[in-house]
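What you see is a predicted model; the values in this text were computed from it and never measured.
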Amino acid sequence: MGWKLVLVDSHCHLNYEGLSNQIPALLARAKAAGVSHMLCICSRLSEFDEILAVTEVHDTVFCSVGIHPHDVEKEPETDVETLVHLACHPKTVGIGETGLDFYYDNSPRKAQERNFRIHIRAARATGLPVIIHTRDADDRTIGILREEAGDGLFPGLIHCFTAGKTVADCAVDLGLYISLSGIITFKNAEAILDTVKTVPLERILVETDSPFLAPIPHRGKANEPSYVIHTAKKAAEIFGISFDDLATTTTDNFFRLFTKAAR
């Protein structure tokens, strides 16, 4: 391929249908594409054990622990102590994903907010980054982040960034990171790109969110970690740097944020 194995897919769901039955092949394709590591995200505590099992078999895969806002009503209510306990495993390097989704409203908003705060507090207690999903909830996301930061800062990132500039500014102000998905390759992403350009490069990560949101030229297909190279190439174009520099920088950013992850 002509470049070093330096890219990291900072957000994927290897346990989801369409990916879970071909993990060795996915990892081989990722390595061939220049993707050295990936973070498999937990969205339901009921699935944590199966996600953790993937990381125990594959050295280059890490995981998180958490409950997605869509699933707050479907999962038993958690607490800080439970998340902290589950995060003790050596391969668990993040808390979440969590956050607010007022677009689909699959769970009551108050329940989403309560769940979000619990995850933030677990991130503060463990020092592990909180992985934040936010959609159509900019004001409340900013409000909760700032309120919780008043009790002490915590590491984290806004994943699959599609929010407005106020969210990006808040994230940067609080020391959080921004992760870019295949959405930045879409033709209707101009507003997102305008905001992304204002974020310091040292706060940028790249991800697939696979099996969702496959980037161009794979849009319409199931996404997979190897496709993160297309997001990285677009990000390099946005920031006006070489692909190699973008890949190296975002990988360094990943390991600086996810301090428990070993290269």
query = Checking Arg44 side chain against Ile67 main chain: does a donor-acceptor pair fall under 3.5 Å?
reply =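 Answer holds: no.
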request  = Would you check if the side chain of Arg121 reaches a backbone N or O of Glu148 as a donor-acceptor pair within less than 3.5 Å?
outcome  =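 No.
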task = With sequence neighbours left out, write down each residue that passes side chain to side chain donor-acceptor pair (under 3.5 Å) with Asp194, or none if nothing qualifies.
result =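 Partners of Asp194 under the side chain to side chain donor-acceptor pair (under 3.5 Å) test: none.
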ask   = Taking the six-membered ring of Phe102, is NZ or CZ of Arg109 closer than 6.0 Å to its centre and within 45° of its axis?
value =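 Yes, Arg109 sits over the ring of Phe102.
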key: Aromatic Phe154 / basic Arg124 pairing, under 6.0 angstrom, 45° off normal   =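 Here Arg124 fails the 6.0 Å and 45° test against Phe154.
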Taking the side chain as every heavy atom from C-beta outward, state whether [X] and [Y] have any pair of such atoms under 4.5 Å apart.
X      : Y      : value
Lys234 : Leu193 : yes
Glu202 : Thr249 : no
Glu207 : Cys160 : yes

message = Nearest 0.5 Å, please: how far is CZ in Arg114 from OG in Ser107?
response =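 Answer rounded to 0.5 Å: 10.0 Å.
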task = Report the distance from atom CD1 of Ile144 to atom CG of Asp139, rounding to the nearest 0.5 Å.
result =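 If I round to the nearest 0.5 Å, the distance is 11.0 Å.
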Pair [X]-[Y], side-chain donor/acceptor within less than 3.5 Å:
X      : Y      : answer
Thr208 : Asp9   : yes
Ser242 : Asp245 : yes
Thr82  : Asp79  : yes
Asn223 : His218 : no
Asp101 : Gln112 : no
Glu97  : Ser64  : no

task = Please find out if less than 6.0 Å separates the ring center of Tyr177 from that of Phe254.
result =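 That pair fails the under 6.0 Å test.
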request  = Go through Phe239 and Val196 one step at a time and tell me if the side chain to side chain contact (heavy atoms under 4.5 Å, CB included) criterion holds.
outcome  = CA-CA 9 Å; Phe239 288 100; Val196 167; 3.8 Å; yes
task = Anything under 30° is parallel, anything over 60° is perpendicular, the rest tilted; go ahead and classify Phe212 against Tyr16.
result =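 If you compare the ring of Phe212 with that of Tyr16, the planes turn out perpendicular.
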query = How far apart are the C-alpha atoms of Leu257 and Leu157, what are their side-chain angles, what is the distance that settles it, and do they pass the side chain to side chain contact (heavy atoms under 4.5 Å, CB included) test?
reply = CA-CA 9 Å; Leu257 175 61; Leu157 78 160; 4.1 Å; yes
request  = List for me each residue that meets ring pair (Phe, Tyr, Trp, His ring centres under 6.0 Å) alongside His68, sequence neighbours excluded, and say none if there are none.
outcome  =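 His68 satisfies ring pair (Phe, Tyr, Trp, His ring centres under 6.0 Å) with His70, His133 once adjacent residues are dropped.
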task = Would you please name every residue forming a side-chain contact (heavy atoms from CB on, under 4.5 Å) with Ala87, sequence neighbours left out?
result =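 For Ala87, the residues satisfying side-chain contact (heavy atoms from CB on, under 4.5 Å) (neighbours in sequence not counted) are Val65, Thr92, Ile95, Thr126, Leu128.
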